[in-house]
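See below for the structure under consideration.
Owing to the predicted nature of the structure, the values given are computational and were not obtained by experimental measurement. Just follow the structure's listing: the first ligand is 1, and inside any ligand the first atom is 1.
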Amino acid sequence: MKAHIRTYGCQMNVRDSEAVSALLLGCGYEIVQDEAEADVIIVNTCSVRDNAENKALGKLRELIYSRRDHPGRIVGAIGCMAQRAREELFTKAKGLDFAIGPRRLASLPSVIETVRRGEGPVLDVLETEERHESLSGHSNTGVTAFVTVVEGCSRGCTYCVVPAARGPETSRPIEHILTETRSVVSAGAVDITLLGQSVASYGRRTSSAVFDQHTSPLGLKEPFPRLLESVSQIPGIKRLRFISNHPSGITDELITVMRHTPSVCEHIHLPLQSGSDRLLGLMNRGYSVAEYRDAVHRLRSSIPGLAVTTDIIVGFPTETESDFNATRSFMEEIQFDNSYIFKYSPRPRTTAARWPDDVSQETKLIRNRIILEDQDRVGLRINQKLIGHEVEVLIEGTSLRNSTRWSGRTRTGKIVIVEAVDTMSGPCMAMVRIERAMPQTLYGTVIRHVASSGIE
Ligand code: 5AD
Ligand code: SF4
């Protein structure tokens, strides 16, 4: 059986798709890149905004239609939309064979078998308090790898579908995380990203006994900084990252471990969402603009060269011109290296969906464009400062747009494009002189490979 997986959404989904590939490979499936060849096509869906759901739905309908030329082809949905929409998904995508929620992915092989026996369609979603099994497999590990540390979210932001899509916050046992990380590192990964909706919540709802056998060389007590410290001790990790973050997680202990652990990268993704305290309150974000500012100041004053990136929602219910201007001026003050801007979209079963979506589509579009332009100016200014400097780049592969160019990332997460050099045949760590800067991309020349990288 040949299977193809199509992924929408965030790094969590990218990670889940990879784990699903490993699971299917282990059951004797072949994973194919070309969907036309596949007997089973799995769409990993995202529910974060309406257009993410529409894209996945359009794809599912197209695939179901393609059965005319591929009789017997199995088409299923996994991920956030499967969990959120449940039965409704089978009426919206008529002919769908299965839908499996993010916490039930371990059942995928048996669900496919059920469908093959003609006993479908199958809906397999987690009912809130049920225990679930996390997938820990990785397929075709490259130099970068994601490891999930916290699943779901219990924070309760009023706009967010994640609790409905991924369930309440659950931390994975530290031993599972360490074992999984060791295995991806021994398979060649050097750049590890720990994943969670809010990673610093790690262990806050789990007994601290999970750390009993681990001493903390830095004398740390909080679970997430201790986890970061324990993971960083695995030999072979060159770069350690973690996403996503919340200002409440920016504790002195987190800053200590970032500062004293050479592999922890100088980058933090810290979603702001809005620069208006009134809107932050309505969003139930649990911090004020002043507290966010304080978190960034504490980070920047301890970690030289730190890049800060963020997420912003424009057009949240009741957002006025003055709320919007507060966001713009706060962004100008902070000077983010990069930001991801989203137009608010009401999500079913969230608190904010009960309020009128009263900012017009047109205003959302205008506000989105204005912030993108602001960010481009700031991003360009920050990136131009790197021109003439040598930076360490983990070159991951050929550039998507031009195969004579290679693409990689700095420790701060910035994309760098370099011309191919003869000594480069695959992923490698290199020192690159930056020659040109764009708002989101740097261009440079390889000066030398870093001898100690161990990945040349
Ligand atoms: N509408 C628009 N953007 C949203 N996000 C989350 N929920 C919504 C929504 N309902 C954005 C937030 C989050 C990012 C992943 O997606 O900015 O940080
Ligand atoms: Fe990721 Fe959220 Fe989309 Fe789920 S709904 S894939 S958690 S962005």
Atom CD of Glu362 with >12 non-hydrogen neighbours under 6.0 angstrom: no
Measuring to atom 1 (Fe) of ligand 2, does Cys10 have an N/O/S atom at a distance below 2.8 Å? yes
Look at the aromatic rings of Tyr340 and Phe342 and report parallel, tilted or perpendicular, splitting at 30° and 60°. parallel
Which residue, Ile41, Val75, Asp97, forms the side chain to side chain contact (heavy atoms under 4.5 Å, CB included) with Ile64? Val75
Return the closest protein heavy atom for atom 7 (N) of ligand 1 as residue, atom name and distance. Tyr159 CD1, 3.3 Å
Here the atoms of ligand 1 under 4.0 Å from any heavy atom belonging to Gln273 are 12 (C), 13 (C), 17 (O), 18 (O)
Stepwise side-chain hydrogen bond (donor to acceptor under 3.5 Å, both in side chains) check, Thr412 with Glu266: CA-CA 5 Å; Thr412 52; Glu266 299 76 29; over 6 Å; no
Compare every heavy atom of Ile177 with every heavy atom of Thr148, then report the nearest pair and how far apart it is. O-CG1, 4.1 Å
Give me the nearest non-hydrogen protein atom to atom 9 (C) of ligand 1 as residue plus atom name, then the distance to 0.1 Å. Ser345 O, 3.5 Å
In sequence, state the C-alpha distance, the side-chain angles, and the governing distance for Asp323 and Thr320, and then conclude on side-chain hydrogen bond (donor to acceptor under 3.5 Å, both in side chains). CA-CA 5 Å; Asp323 293 316; Thr320 60; 3.0 Å; yes
May I ask whether Gln11 places a heavy atom under 4.0 Å from ligand 2? no
Pull out every atom of ligand 1 sitting under 4.0 Å from any heavy atom of Arg49, numbered as shown with elements. 1 (N), 2 (C), 3 (N), 4 (C), 5 (N), 11 (C), 16 (O)
Taking all non-hydrogen atoms of both residues, which atom of Val314 and which atom of Lys364 are closest, and how far apart? CG2-O, 3.7 Å
For the side chain to side chain donor-acceptor pair (under 3.5 Å) test, which of Gln11, Arg166, Arg103 pairs with Asp16? Arg166
So the atoms of ligand 2 within less than 4.0 Å of a heavy atom of Cys80 turn out to be 4 (Fe), 5 (S), 6 (S), 7 (S)
When you look at CZ of Arg73, are more than 12 heavy atoms from neighbouring residues, nucleotides or ligands closer to it than 6.0 Å? yes
Under 4.0 Å to a heavy atom of Gln197 - the qualifying atoms of ligand 2, by number: 7 (S)
Could you tell me whether any N, O or S atom belonging to Cys46 is less than 2.8 Å from atom 3 (Fe) of ligand 2? yes
Find all atoms of ligand 1 within a distance of less than 4.0 Å from any non-hydrogen atom belonging to Val48, and give their numbers and elements. 5 (N), 6 (C), 7 (N), 8 (C), 9 (C), 10 (N), 16 (O)
Would you mind listing which atoms of ligand 1 come within a distance below 4.0 Å of any non-hydrogen atom of Lys343? 1 (N), 2 (C)
Within less than 4.0 angstrom of ligand 2, does Gly79 place any heavy atom? no
Which of the numbered atoms in ligand 2 are under 4.0 angstrom from any heavy atom belonging to Val162? 2 (Fe), 7 (S)
Mark up the atoms of ligand 1 that fall under 4.0 Å of a heavy atom belonging to Arg347, in ascending order. 10 (N)
Any idea which of Arg347, Arg15, Met81, Arg166 brings a heavy atom closest to atom 7 (S) of ligand 2? Arg166
Which of the numbered atoms in ligand 1 are below 4.0 angstrom from a heavy atom of Tyr344? 1 (N), 2 (C)
Of all protein heavy atoms, the one nearest atom 15 (C) of ligand 1 is Asp311 OD2, 3.8 Å
Can you list the ligand 2 atoms lying under 4.0 Å from a non-hydrogen atom of Asn13? 6 (S)
Which pair of heavy atoms, one from Val122 and one from Phe90, lies closest together, and at what distance? O-CZ, 3.4 Å
Nearest heavy-atom approach of Pro317 to Pro356 is CB-O, 3.5 Å
